[in-house]
Peer 1: 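One structure coming up, written as structure tokens, with questions to follow.
Please read all numbers here as calculations on a predicted model, not as lab measurements.
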Amino acid sequence: RAFEATSDSLLARHRLGVADVEADLEGVDETGSTDIADRNLAARAVTARADIVVAVGDASLHGVQSLSRTLGDLLDHGIEPERILTVVNRAPRSRRRRAAITRAIGDLVAARRAAADGVAGTLHIAISRSLETALVDPARLPGSFASSLGPAVRARLDGVPPRSGTDELLPEPIAPGSLGLTD
């Protein structure tokens, strides 16, 4: 309850929040373990409250398989497909290879779930070597990275209604002495 109250409070006070969470979404129902459910609480709560979830994987064989599994887990967790933005980083420049990766992701998700509509759209980002340097050294991210990811996130945000009614969640100040307590 404390984590959920904290996240509700943060969402009520800020227009936009970004959380980097692991893709482990299993709870007590899936595992029978409260320890695992507690460990995965942040990921479960954040993704359930998110206006959009950006699922990121790389273009390697392992990356495509992991990203597909993550997409299936998100769908199983109840995240609507229109709220998921699939991103493949370190993508090849060839359109044919990008299409093959997108098709493989769609096929792997569909093999696991019958209703995988809406997650087929994949954003491919070809990360340059300068990004690795920018992440290690405090520097501004390369413009090519932000110019492709930013508009895709904005378009996905604009395409879905906001999940949280932040206007009604704003805290109200308590006037001193208004609670009826005496010293």
Peer 1: Near Asp20 CG, under 6.0 Å, is it more than 12 heavy atoms from other residues, nucleotides or ligands?
Peer 2: no

Peer 1: Output the distance between atom CD1 (Ile125) and atom CG (Asn89), rounded to the nearest 0.5 Å.
Peer 2: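 The CG atom of Asn89 is 7.0 Å from CD1 of Ile125, to the nearest 0.5 Å.
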
Peer 1: Atom CG of Leu85 and atom CD1 of Ile52: how far apart are they, to the nearest 0.5 Å?
Peer 2: 6.0 Å

Peer 1: On a heavy-atom basis, which atom in Ser68 and which in Ala104 lie closest, and how many Å separate them?
Peer 2: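 Nearest heavy atoms, Ser68 then Ala104: OG-O, 4.5 Å.
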
Peer 1: Nearest 0.5 Å, please: how far is OG1 in Thr34 from CG in Leu41?
Peer 2: 12.0 Å

Peer 1: For a quick test of reading the model, state the closest non-hydrogen atom pair linking Ala59 to Pro92 and the distance between them.
Peer 2: CB-CD, 3.9 Å

Peer 1: Any side-chain heavy atom of Val53 within less than 4.5 Å of one from Arg83?
Peer 2: no

Peer 1: Is there a path of hydrophobic side-chain contacts, each under 4.5 Å between heavy atoms of I, L, V, M, F, W or Y residues, that connects Leu74 with Leu108?
Peer 2: yes

Peer 1: With Arg154, which residues qualify under side chain to side chain donor-acceptor pair (under 3.5 Å), at least two apart?
Peer 2: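 With sequence neighbours excluded, Arg154 shows a side chain to side chain donor-acceptor pair (under 3.5 Å) to no residue whatsoever.
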
Peer 1: Partners of Ser60 by side chain to side chain donor-acceptor pair (under 3.5 Å), sequence neighbours excluded?
Peer 2: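 Ser60: side chain to side chain donor-acceptor pair (under 3.5 Å) contacts with Asp58.
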
Peer 1: In this structure, would Val46 and Val160 fall into the same cluster of hydrophobic residues linked by side-chain contacts under 4.5 Å?
Peer 2: no

Peer 1: Any heavy-atom pair between the side chains of Val28 and Ser33 that's under 4.5 Å?
Peer 2: no

Peer 1: Give the intermediate values and the outcome of side chain to side chain contact (heavy atoms under 4.5 Å, CB included) for residues Leu67 and Val56.
Peer 2: CA-CA 7 Å; Leu67 180 56; Val56 182; 5.8 Å; no

Peer 1: For Ala23 versus Asp73, what's the shortest heavy-atom pair and its separation?
Peer 2: O-OD2, 4.1 Å

Peer 1: Taking the side chain as every heavy atom from C-beta outward, state whether Leu75 and Ile84 have any atom pair closer than 4.5 Å.
Peer 2: yes

Peer 1: Between CG of Leu123 and CG of Leu149, what distance do you get to the nearest 0.5 Å?
Peer 2: 6.0 Å

Peer 1: Could you state the interatomic distance from CG (Leu25) to CD (Glu22), rounded to the nearest 0.5 Å?
Peer 2: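 Leu25 atom CG to Glu22 atom CD measures 10.5 Å (nearest 0.5 Å).
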
Peer 1: Testing the 3.5 Å rule here: is there a donor-acceptor pair between the side chains of Ser148 and His124?
Peer 2: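 No donor-acceptor contact under 3.5 Å links the two side chains.
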
Peer 1: Can you tell if the side chain of Asp38 reaches within under 4.5 Å of the side chain of Asn40, non-hydrogen atoms only?
Peer 2: no

Peer 1: Taking only residues two or more places apart in sequence, or in another chain, which ones meet Arg98 in a salt bridge (Lys or Arg N to Asp or Glu O under 4.0 Å)?
Peer 2: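 Partners of Arg98 by the salt bridge (Lys or Arg N to Asp or Glu O under 4.0 Å) criterion come out as none, since no residue qualifies.
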
Peer 1: What I'd like to find out is whether the side chain of Val64 reaches to under 4.5 Å of the side chain of Ile105, using heavy atoms alone.
Peer 2: yes

Peer 1: Under the 4.5 Å side-chain heavy-atom rule for ILVMFWY, direct or indirect, which residues accompany Leu10?
Peer 2: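 Joined to Leu10, directly or through intermediates: none.
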
Peer 1: Mind checking whether Glu4 and Arg49 have side chains closer than 4.5 Å, heavy atoms only?
Peer 2: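 Counting from C-beta outward, Glu4 and Arg49 do come under 4.5 Å.
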
Peer 1: For Glu30, give me all partners under salt bridge (Lys or Arg N to Asp or Glu O under 4.0 Å), at least two apart in sequence or on another chain.
Peer 2: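 Residues passing salt bridge (Lys or Arg N to Asp or Glu O under 4.0 Å) with Glu30: Arg44.
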
Peer 1: Let me confirm one number: the OG1-CD1 distance from Thr122 to Ile101, rounded to the nearest 0.5 Å.
Peer 2: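 Atom-to-atom, Thr122:OG1 and Ile101:CD1 are 9.5 Å apart.
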
Peer 1: With sequence neighbours excluded, tell me which residues meet side chain to side chain donor-acceptor pair (under 3.5 Å) with Ser66.
Peer 2: His62

Peer 1: In the single-linkage hydrophobic clustering (I, L, V, M, F, W, Y; side-chain heavy atoms under 4.5 Å), do Val54 and Val21 co-cluster?
Peer 2: no

